[in-house]
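One structure is given here, and the rest of the page talks about it.
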There are 2 protein chains.
Amino acid sequence: MAITIKDIAKKAGVSISTVSLVLNRKGYVAPKTKEKILSVMNRMDYKPLHSARKLATQKTGNIGYIIWEGHFSEVEMFYSQIFLGMEYAARKSDSYILLTTVKEDFDPKNDLPRFLKYNDVDGVALAGRVPHALIEYLDNQQLPFVLIDYELPGKSYNCIKIDNYNGAFRAVENLVLSDKKYIAFVGGTFFHPSIKERYRGYREALEKYNLVDDGYLKKYSYCENIETSRAIGENGATKLLNRQPEIDAIFCCNDTTAMGVITGIQKIGKRIPQEVAVIGFDDIPPAEYNMPKLSTLRVPKLEIGKQAFMLLNELINYPNMAPQTRMISVDLVIRESSHSEGNEQ
Amino acid sequence: MAITIKDIAKKAGVSISTVSLVLNRKGYVAPKTKEKILSVMNRMDYKPLHSARKLATQKTGNIGYIIWEGHFSEVEMFYSQIFLGMEYAARKSDSYILLTTVKEDFDPKNDLPRFLKYNDVDGVALAGRVPHALIEYLDNQQLPFVLIDYELPGKSYNCIKIDNYNGAFRAVENLVLSDKKYIAFVGGTFFHPSIKERYRGYREALEKYNLVDDGYLKKYSYCENIETSRAIGENGATKLLNRQPEIDAIFCCNDTTAMGVITGIQKIGKRIPQEVAVIGFDDIPPAEYNMPKLSTLRVPKLEIGKQAFMLLNELINYPNMAPQTRMISVDLVIRESSHSEGNEQ
DNA sequence: TTGATTTATCGAAACGTTTTAATATATTTT
DNA sequence: AAAATATATTAAAACGTTTCGATAAATCAA
């Protein structure tokens, strides 16, 4: 049987309570005693038993992380990275992240993640597009939760948002200032609010420089409502460039799409970036290894995970906090796909 | 405060023990009593408290899943899928999967995953290439563990293996039977035993049909010891095809590499599969959406996760079981990249 | 000096289960 | 009909912590 708090107490010649106080950095305990206890703990390699602590404190020490099943495995590694950020943050804290997925046709009656069903988490992070019924359920249950990169119009929930608008604006502005005249947009589904925002940033940057005339947006935008963004990119680039050969830059709704776009351009035989410049969004790992290396907006995914975790912890400790939104800003990373002398900035 | 077993006992007019027996499907309980208790539980929406159960049973109800950090986020979604398979299996059981990563330069003294440090798991699954020091540590701790898609020469640990050899053999045999004469291999690092096995399958299939003459393997193999397999693929295809234009098929060590290979071939301007056929390995999700759709060997990743979980559960319940290896077989999936009439088989 | 306050320690209850051993009743075997 | 066995229920101990309230000693204010 493993070492318990009792053993430590006996060995250190103090009561269990005192050991517990030291363990939890609470109350008054004389420096000498404290030191003694710590040294004994160390020597005996004492590991407090999770379940016993949790039983006494009535907390679980777990945080749930829920994403849509498709997001987990199909297309993006985006949400896995966010998970990793949370996990890194959790390592320093006293909790574990329980990752689970939900299906599109989620029904709270039958499909409730097990950790919700059995109250095994103190709070939940929801990333990306997620069933509204689930959000409502959590709201009703009064369980602390944060939305990551998602929002519900008209509702004020705790969220971690990405500054999609400004990122897109900056990218397109950069293209304009590099003397690009016909800047296209290739994007996926507009179900997702983030994509909408990126499109808005694209549009408003063009407006700022008076580039949009009648029909511009129709002519130079390509959107398709499917989930496999690489294919969207390849289709989009092909169709747009065949129809409007004057296009000299393409801003893409995300990196996966951008990588498809690049393939499309290459197949047509135009040079990147000299003839057509490409900028993506997200900075997923392959972006850097793509050929040419992809210019993009770096979304600090690990940081987002960390912020989500920290916000959640606050919510757990101060349940009456007013809902807050944290905006995470993004950096324009210039690589080979948009500028000949691809120097990072 | 939530409903406890006490409340159920009182309401049902029985003792706590009886309720517990029903909860755990143990001992003798009269059908009537049982039914009564179950109905009360149901009516009151009783949820047994994890920490209390775990304290009493001295188990954690958690299973750790450890992968190398690079594998998690950089290149492959392979290991995430396996995780998902474990998570699905865990849903039906009474445990949670705790996912964490370790770094290449792992040192058991400092970098021990928190759930190992604090004994918060009953068992561990290790996927892919993983620090040997970690494996040794687990072995010493007598903590049940399973290796997934990895092995240590000379050691007999519990593992879930993929039938890499036969898969590769079958793929290459299929190419031979489709009248391909010059079948190349493009692969990544040989650090990983699975890649070695795939190469062996490639070689032996060629030998079976007496295709290998002097220098064949040197001439037609391309391996590079880096981790970004897409780039390996593109480089490999380019170099091989320029040097040996007679190549009419390429078997790749995995799908990511294969997708790079396809890009490389396309840039050279050869037609797939008419001039060069391509087969990958793994069947990662993008394989199906690639253009052309990628022929590959389907590795049942969810199934692997499930098997790992189940084996682990057995090990936990019967600690003295002899180590066993479970071989998971793979299916050849023919899509567009290898045969003109891409019909699945 | 006395009384109030701060510092330090501890005993004991509480957290919600499982499990062991005891007891009681019903059924089967002799 | 007695003995043995199977069925059904329970009280109480145990699991390893945290925390409340009590107590004691040390320090401070008057």
Side-chain angles (χ1 to χ4, degrees), chain A residues 1-38 40-41 44-62 94-96 117-122 316-317, chain B residues 1-38 40-41 44-62 94-96 117-122 316-317:
Chain A
M1 193 93 313
I3 306 291
T4 75
I5 198 172
K6 241 185 210 163
D7 303 314
I8 304 296
K10 193 177 286 174
K11 204 75 165 185
V14 296
S15 76
I16 289 181
S17 328
T18 309
V19 177
S20 177
L21 289 178
V22 171
L23 205 56
N24 297 287
R25 299 170 191 75
K26 272 187 187 169
Y28 302 112
V29 49
K32 255 192 196 163
T33 327
K34 189 174 187 172
E35 207 171 324
K36 171 81 181 165
I37 292 175
L38 284 174
V40 173
M41 279 182 176
M44 303 186 72
D45 191 24
Y46 167 61
K47 301 165 183 183
L49 190 71
H50 222 79
S51 48
R53 299 187 90 167
K54 295 319 166 189
L55 175 58
T57 55
Q58 297 290 80
K59 300 212 164 171
T60 71
N62 296 326
D94 191 29
S95 36
Y96 295 111
K117 210 151 140 193
Y118 294 107
N119 295 132
D120 280 339
V121 290
D122 301 327
I316 291 166
N317 294 324
Chain B
M1 195 93 311
I3 306 291
T4 75
I5 199 171
K6 242 186 209 161
D7 302 315
I8 304 295
K10 192 177 286 174
K11 205 73 165 184
V14 297
S15 76
I16 289 182
S17 325
T18 309
V19 178
S20 178
L21 288 180
V22 170
L23 205 56
N24 297 287
R25 298 171 191 77
K26 272 187 188 170
Y28 303 112
V29 170
K32 254 191 196 164
T33 327
K34 189 173 186 175
E35 207 172 323
K36 170 80 184 166
I37 292 175
L38 284 173
V40 173
M41 278 181 175
M44 304 186 73
D45 192 25
Y46 166 62
K47 303 165 182 182
L49 191 71
H50 222 82
S51 47
R53 300 187 90 169
K54 296 319 167 190
L55 175 57
T57 55
Q58 297 290 79
K59 300 211 165 172
T60 70
N62 296 325
D94 191 30
S95 37
Y96 294 110
K117 209 153 141 192
Y118 293 108
N119 295 131
D120 279 340
V121 289
D122 301 327
I316 291 167
N317 294 325

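Numbered from 1 within each chain, the chains take letters A, B, ... in sequence-line order.
- For the pair A:K54 NZ and D:dT17 P, the computed distance is 12 Å after rounding to whole Å.
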Can you give each donor-acceptor pair under 3.5 Å made by side-chain atoms of residues 5-12 of chain A, sequence neighbours left out, with the distance rounded to 0.1 Å?
unit_1: A:D7; atom_1: OD2; unit_2: A:T4; atom_2: N; d: 2.7
unit_1: A:D7; atom_1: OD2; unit_2: A:T4; atom_2: OG1; d: 3.4

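- Among residue pairs with one or both ends in residues 12-27 of chain A, those qualifying as side chain to side chain donor-acceptor pair (under 3.5 Å) are A:S15-A:T18, A:S20-A:N24, A:N24-A:R53; sequence neighbours excluded.
- Once rounded to the nearest 0.5 Å, the distance linking CG of B:L38 with CG of B:L23 reads 9.0 Å.
- Note that NZ of B:K59 and CD1 of B:I316 are 7.0 Å apart. Values are rounded to the nearest 0.5 Å.
- Residue B:Q58 places no side-chain N or O under 4.0 Å from the OP1 or OP2 atom of C:dT17.
- Against DNA chain C, the stretch residues 7-15 of chain B makes no heavy-atom approach under 4.0 Å.
- Regarding A:N119, its CG atom lies at a distance of 14 Å from the C1' atom of C:dG16, rounded to whole Å.
- In this structure, B:L55 CG and A:L49 CG are separated by 6.5 Å, a value rounded to the nearest 0.5 Å.
- Comparing the local axis fitted to the first five base pairs of the helix from C:dT1-D:dA30 to C:dT30-D:dA1 with the one fitted to its last five gives a bend of 30°, rounded to 10°.
- The distance between atom NZ of B:K59 and atom C1' of D:dG16, rounded to the nearest whole Å, is 18 Å.
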If you restrict it to nitrogen or oxygen atoms, what contacts under 3.5 Å exist between nucleotides 18-22 of chain D and the protein, and what is each distance?
unit_1: D:dT18; atom_1: OP1; unit_2: A:N24; atom_2: OD1; d: 3.2
unit_1: D:dT18; atom_1: OP1; unit_2: A:N24; atom_2: ND2; d: 2.9
unit_1: D:dT18; atom_1: OP1; unit_2: A:R53; atom_2: NE; d: 3.1
unit_1: D:dT18; atom_1: OP1; unit_2: A:R53; atom_2: NH2; d: 3.2
unit_1: D:dT18; atom_1: OP2; unit_2: A:S20; atom_2: OG; d: 2.6
unit_1: D:dT18; atom_1: OP2; unit_2: A:N24; atom_2: ND2; d: 3.3
unit_1: D:dT19; atom_1: OP2; unit_2: A:K26; atom_2: NZ; d: 2.4

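- Nearer to the 5' terminus of DNA chain D, by closest-nucleotide assignment, is the contact made by B:A30 (compared with the other of B:A30 and B:L55).
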Check the interface with nucleotides 4-7 of chain D: list each N/O to N/O pair with the protein under 3.5 Å, or write none.
unit_1: D:dT7; atom_1: OP2; unit_2: B:Y28; atom_2: OH; d: 3.2

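- Taken from CG in B:D94 to OH in A:Y118, the straight-line distance is 8.0 Å, to the nearest 0.5 Å.
- One can place NE2 of A:H50 at 17 Å from C1' of C:dT17, the figure rounded to the nearest angstrom.
- Taking the charged nitrogens against the carboxylate oxygens, A:D122 and A:K54 have no contact shorter than 4.0 Å, which rules out a salt bridge.
- If you take NZ of A:K32 and C1' of C:dT7, they are 15 Å apart, rounded to a whole angstrom.
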